[in-house]
Amino acid sequence: MDSRQEVTLNLASLLKRDVTAGDEVEASGQLMPTQELLDADGLRLEEPLSWELSVRATGEDEFLVMGSVEGTAVQECRRCLTDVETEIYAELIYPMAYRPGKSKLELVEVGEDDEELLVFGKPEVDFAELLTQVAAIDLPLTALCQAACRGLSLDGVNLNEYPDHEDRTERADDPAQRSPFAVLKDLDL
């Protein structure tokens, strides 16, 4: 496989009329998605994603794309809000179809079972958006900097860095900051 700095594959060799099922185009490389793609998927990266793709002919104007994407994303710890590196590894497999006139790669739902099909209309197909989405989907919803993360105090101090910190707010003496459930403490059931 050759290494590329972009994720545009030329599938012209698979669009010929004499192509047989099983013919394929393979590529691999690095991808640093545009800021627009990162923002759209809520993804932060410190370094480019590594990717591998293989597009195989399965019939006339029908194909199968298989591959993987991996890298390291940056998320906030759900307790203390410090940055945490999270490993990403995702595999993908999608049926594809050539439909002349489409300007870019599109994921469309077909059939009653909500099956997905990638549709492209030009021999040069840019997979950057798809790979960025696949990486974002594989990312966990939350992350922890460490299993024993102590989080933040009520006044916003990271208790991992300052374990002896005491809250400077006097919540019990201030009726405006008292818990709304405090009135239930003497309830006898």
Note: E26 and S54 closest approach over all heavy atoms is CG-OG, 3.8 Å

Can you measure from NZ (K122) to CG (L15) and round to the nearest 0.5 angstrom? 13.5 Å

Pairs flagged by ring-ring contact (aromatic ring centres under 6.0 Å, His included) wherever residues 100-120 is involved - sequence neighbours left out: F63-F120, Y98-F120

Nearest-0.5 Å distance that lies between atom CG in L130 and atom CE in M96: 9.0 Å

Rounded to the nearest 0.5 Å, how far apart are CE of M32 and OG1 of T132? 10.0 Å

Looking only at heavy atoms, which two atoms of P95 and L117 are closest? And how far apart? O-CD1, 3.4 Å

Testing the basics here: between C145 and C77, what is the closest heavy-atom pair and its distance to 0.1 Å? N-SG, 3.4 Å

Under the side-chain hydrogen bond (donor to acceptor under 3.5 Å, both in side chains) test, which residues partner R79, sequence neighbours left out? none

Q30 and S50 side chains, donor-acceptor separation under 3.5 Å: yes

Can you tell me how far the NZ atom of K102 sits from the CG atom of L118, to the nearest 0.5 Å? 12.0 Å

Looking at OH of Y89 and OG of S68, how far apart are the two atoms once the value is rounded to the nearest 0.5 Å? 4.0 Å

So which heavy atom on V69 is nearest to which on V134, and how close? CG1-CG1, 3.9 Å

Sort out for me which residue in D39, L43, L49 forms a side chain to side chain contact (heavy atoms under 4.5 Å, CB included) with P33. L49

Ignoring hydrogens, what is the shortest heavy-atom contact between A90 and D138? Give both atom names and the distance. CB-CB, 3.7 Å

Side-chain contact test, heavy atoms from C-beta onward, threshold under 4.5 Å: evaluate it for L14 versus V25 and give yes or no. yes

Of all residues at least two apart in sequence or in a different chain, which pass the side-chain hydrogen bond (donor to acceptor under 3.5 Å, both in side chains) check with R78? T142

State whether D83 and R44 are salt-bridged, where the test is any N-O pair (Lys NZ or Arg NE/NH1/NH2 against Asp/Glu carboxylate O) under 4.0 Å. yes

Any chance the side chains of Q133 and D41 put a donor and an acceptor closer than 3.5 Å? no

Are L9 and L64 connected in a single hydrophobic cluster, I mean Ile/Leu/Val/Met/Phe/Trp/Tyr linked by side-chain heavy atoms less than 4.5 Å apart? no

Do H165 and N158 have side-chain N/O donor and acceptor atoms under 3.5 Å apart? no

So CD of E129 and OG1 of T34: to nearest 0.5 Å the spacing works out to 8.5 Å

Please indicate whether Y162 has more than 12 foreign heavy atoms, meaning atoms of other residues, nucleotides or ligands, lying under 6.0 Å from its OH. no

If you look at every heavy atom in A128 and D126, which pair is closest and at what distance? N-OD1, 3.0 Å

Between N160 and R150, is there a donor-acceptor pair closer than 3.5 Å when you use the side chain of the first and the backbone of the second? yes

Any donor and acceptor pair, going by atom type alone, linking the side chain of E46 with main-chain N or O of E85 inside 3.5 Å? no

